[in-house]
Amino acid sequence: MTTAQPTDTAHQYWNAEWQQADAGSPWAKAEPWVTDHAGTLPPGSRILDLGAGIGRHALAFAAMGHQVTALDAAEASVAAVKASAVAQGAALDIRLAAMTDLPFDSASFDHVLAWNVIYHGDESVVRRTLAEVHRVLRPGGTFMATMLSNRRLAVERAKAPGHEISRHTWVFEGPGDKVHPHHFCNAADLVALLHGFEPFTLYDRPHDKPGSWHWHFLAERLA
Ligand SMILES: C[S@@+](CC[C@H](N)C(=O)[O-])C[C@H]1O[C@@H](n2cnc3c(N)ncnc32)[C@H](O)[C@@H]1O
């Protein structure tokens, strides 16, 4: 009998990465679209930063006067966010947990952010995470996230040998976090995955590096 290997393992890579990150890291500077949207929410909104990294967005949300929870599966992330929160005198709820099993009651949040997080795993991981986001977000709450697009898959395949371990889920030879499974999608796949949400913004653009295509979306949780 063969036992399926877990595919939500990328936090192991990020745990090592976050042990070396400092204030000069590109991961320390908040994304304008993320903070612009948070600025439209009423002060005191309950926000979950899912897969918070070293806390660039969670800390910015707290500075805006929101009630913030930062969650990540990497211990070094939790340690870094705690240290920054203490240094900045920010009151954050900081949790070590997996995105597929969120330790919160239903409808606990007004907004969920998952920036470069949800695609770390196969389709079942992605679906389970989206179901958890749907559960913990109140009806009418907003959800902003990124996903990896098929344009990015073509770039990765040109860079390094890789193989599709299950539908739309790839691993690549290192270095980098793509030695861990990553899920890629086209627009139709993504809209189908967002069952229970109404996306009102959706676009594909590269991040800092050429070819680093990501879907960006902002959606509302349907009742
Ligand atoms: C690319 S980093 C992005 C960090 C942060 N969202 C940001 O934009 O600065 C991905 C983050 O997702 C976390 N992560 C990966 N898999 C996860 C999982 N299964 N559950 C929770 N967090 C996970 C990693 O530990 C890492 O901190």
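What you are looking at is a predicted structure, and each value in this text was computed from that prediction instead of being measured. Atoms within each ligand, like the ligands themselves, are counted from 1 in listed order.
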With backbone taken as N, CA, C and O and side chain as the heavy atoms from C-beta onward, which portion of [X] lies under 4.0 Å from ligand 1: side chain, backbone, both, or neither?
| X | value |
| --- | --- |
| Trp115 | both |
| Glu31 | neither |
| His120 | side chain |
| Ala114 | neither |
| Ser77 | neither |

query = If you measure from each heavy atom of Tyr13 to ligand 1, is any distance below 4.0 Å?
reply =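 No, Tyr13 has no heavy atom closer than 4.0 Å to ligand 1.
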ask   = Does ligand 1 have an atom under 4.0 Å from some heavy atom of Gly55?
value = no
Among protein heavy atoms, which sits nearest to [atom], and what does the distance come to when rounded to 0.1 Å?
| atom | result |
| --- | --- |
| atom 1 (C) of ligand 1 | Trp14 CZ2, 3.3 Å |
| atom 10 (C) of ligand 1 | Asn116 O, 3.4 Å |
| atom 25 (O) of ligand 1 | Asp72 OD1, 2.6 Å |
| atom 22 (N) of ligand 1 | Ala73 N, 3.3 Å |

ask   = In Å, rounded to the nearest 0.5 Å, how long is the span from CG of Asp72 to CG of Asp49?
value =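 Reported value, rounded in 0.5 Å steps: 8.5 Å.
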query = Is it true that Arg56 and Glu31 have a side-chain N and a carboxylate O under 4.0 angstrom from each other?
reply =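 Salt bridge present between Arg56 and Glu31.
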Using a 3.5 Å cut-off on N or O atoms only, is [X] in polar contact with ligand 1?
| X | result |
| --- | --- |
| Tyr119 | no |
| Met99 | yes |
| Arg56 | yes |
| Gly51 | yes |

Aromatic centroids of [Y] and [X] separated by under 6.0 Å:
| X | Y | result |
| --- | --- | --- |
| His180 | His120 | no |
| Phe217 | Phe143 | yes |
| Tyr119 | Trp215 | no |
| His216 | His207 | yes |

For ligand 1, which atoms sit closer than 4.0 Å to a heavy atom of [X]?
| X | result |
| --- | --- |
| Gly53 | 4 (C), 5 (C), 27 (O) |
| Ala98 | 20 (N) |
| Val117 | 6 (N), 12 (O) |
| Ala74 | 25 (O) |
| Ala52 | 5 (C) |

ask   = Where is the tightest heavy-atom contact between Glu132 and Arg135, given as atom of each residue plus distance?
value =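 Residues Glu132 and Arg135, closest heavy atoms: OE1-NE, 2.8 Å.
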key: Ser84 side-chain N/O to Ala80 backbone N/O, donor-acceptor pair under 3.5 Å   = yes
key: Aromatic ring pairing Trp27/Trp14, orientation class (parallel under 30°, perpendicular over 60°, tilted between)   = perpendicular
ask   = Is there a side-chain contact between Arg95 and Pro103 (heavy atoms, below 4.5 Å)?
value = yes
List, one per line, each side-chain donor-acceptor pair under 3.5 Å for residues 186-199, sequence neighbours excluded.
from, atom 1, to, atom 2, distance (Å)
Asn186, OD1, Ala188, N, 3.1
Asn186, OD1, Asp189, N, 2.8
Asp189, OD2, Asn186, N, 3.0

request  = Using side chain to side chain donor-acceptor pair (under 3.5 Å) as the criterion, list what pairs up with Thr129, not counting sequence neighbours.
outcome  = none
